[in-house]
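Residue numbers start at 1 and run along the sequence shown. Since the structure is predicted, the reported quantities are computational estimates derived from the model, not experimental observations. When a ligand or atom number is given, it counts from 1 through the structure's own listing order.
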Amino acid sequence: MAIYEIVKFPNPVLTTPAAEVAKITSNLLRVLDNMYETMKFANGIGLAGPQVNILKRIAVVDVEDGKGRLDLINPVILDGRDEEVGPDGCLSIPGLYGDTKRFKWIRVRMQNHEGQFIEFEETDFRARCIQHEIDHLDGILFTSKAIRLYRDDEVAVSGKKKKA
Ligand SMILES: [Zn+2]
């Protein structure tokens, strides 16, 4: 495994939409392993391809809720409900957080490691993180949709200081 360098704002790769994965190869799965290791190394809860200079529709998520690692390949949000405002932070934008409106409940379609299309529902913080990652794949950063931005030291509850 390997640790990648995380691309930081304002690198234009972060605002470039990523391409669909056409074929799931052993190399792609190795890239996902490296991304997961990179995310953990950086103390993050999510990491999308463009953040490591890979413009493919892939991301890894682990919000430390006991549900473990989720690899997103070509993910799409089919449905979302119950918008709520909550904190977003990003490994590519160190020191900045933002109150961002996201769905509390989502239904997602994506491909698994075998290339099969699967659908599942997700809620709460894990749903927030998945939406943050899919935004990355569309070249969208939370800073463009946050209703309020604040610096690292203004975050009152340290438990909310999560980056993805
Ligand atoms: Zn991010």
Side-chain angles (χ1 to χ4, degrees), residues 1-21 28 31-65 67-77 80 83-106 108-110 120 122-164:
M1 296 226 250
I3 303 287
Y4 296 133
E5 191 181 335
I6 295 177
V7 173
K8 301 289 184 340
F9 179 83
N11 189 312
V13 76
L14 293 171
T15 44
T16 305
E20 291 265 325
V21 173
L28 184 90
V31 166
L32 284 164
D33 284 342
N34 290 339
M35 283 174 60
Y36 186 76
E37 196 179 25
T38 302
M39 180 194 85
K40 283 291 183 190
F41 183 74
N43 228 346
I45 54 164
L47 187 70
Q51 292 180 279
V52 288
N53 222 353
I54 297 169
L55 278 171
K56 289 193 171 139
R57 301 191 75 83
I58 51 173
V60 291
V61 165
D62 185 350
V63 301
E64 294 159 357
D65 59 353
K67 288 188 172 180
R69 170 177 165 179
L70 172 66
D71 287 1
L72 299 166
I73 303 173
N74 294 329
V76 178
I77 293 179
E83 280 186 307
E84 64 172 4
V85 172
D88 265 45
C90 186
L91 290 170
S92 295
I93 313 175
L96 201 64
Y97 291 84
D99 287 332
T100 312
K101 195 188 276 185
R102 298 203 183 271
F103 295 120
K104 202 172 153 57
W105 176 96
I106 53 172
V108 180
R109 182 176 61 211
M110 63 162 209
F120 59 94
E122 205 51 80
T123 59
D124 301 305
F125 202 62
R126 199 164 158 103
R128 171 167 294 272
C129 187
I130 291 170
Q131 291 167 83
H132 179 108
E133 299 318 321
I134 293 177
D135 272 357
H136 270 302
L137 304 182
D138 293 326
I140 297 167
L141 300 172
F142 81 90
T143 44
S144 70
K145 38 165 74 174
I147 56 173
R148 187 174 79 92
L149 291 170
Y150 38 92
R151 303 296 310 175
D152 208 351
D153 50 15
E154 293 176 59
V155 182
V157 185
S158 61
K160 296 282 186 192
K161 292 167 85 167
K162 304 276 174 101
K163 300 190 185 80

Pairing donors with acceptors under 3.5 angstrom, does anything connect the side chains of Y4 and N53? no

Minimum side-chain heavy-atom gap T16-P50 below 4.5 Å: no

Check side-chain hydrogen bond (donor to acceptor under 3.5 Å, both in side chains) between D33 and all other residues, then give those that pass, not counting sequence neighbours. R69

Residues that K104 engages under side-chain hydrogen bond (donor to acceptor under 3.5 Å, both in side chains), provided they are two or more places apart: D124

Under the salt bridge (charged side-chain N to carboxylate O under 4.0 Å, His left out) definition, can you give me all pairs with a residue in residues 41-57, not counting sequence neighbours? R57-D138

Using 0.5 Å steps for rounding, measure from the CG atom of D62 to the NZ atom of K67. 12.0 Å

Count of N, O or S atoms belonging to protein, less than 2.8 Å from the Zn ion (ligand 1): 4

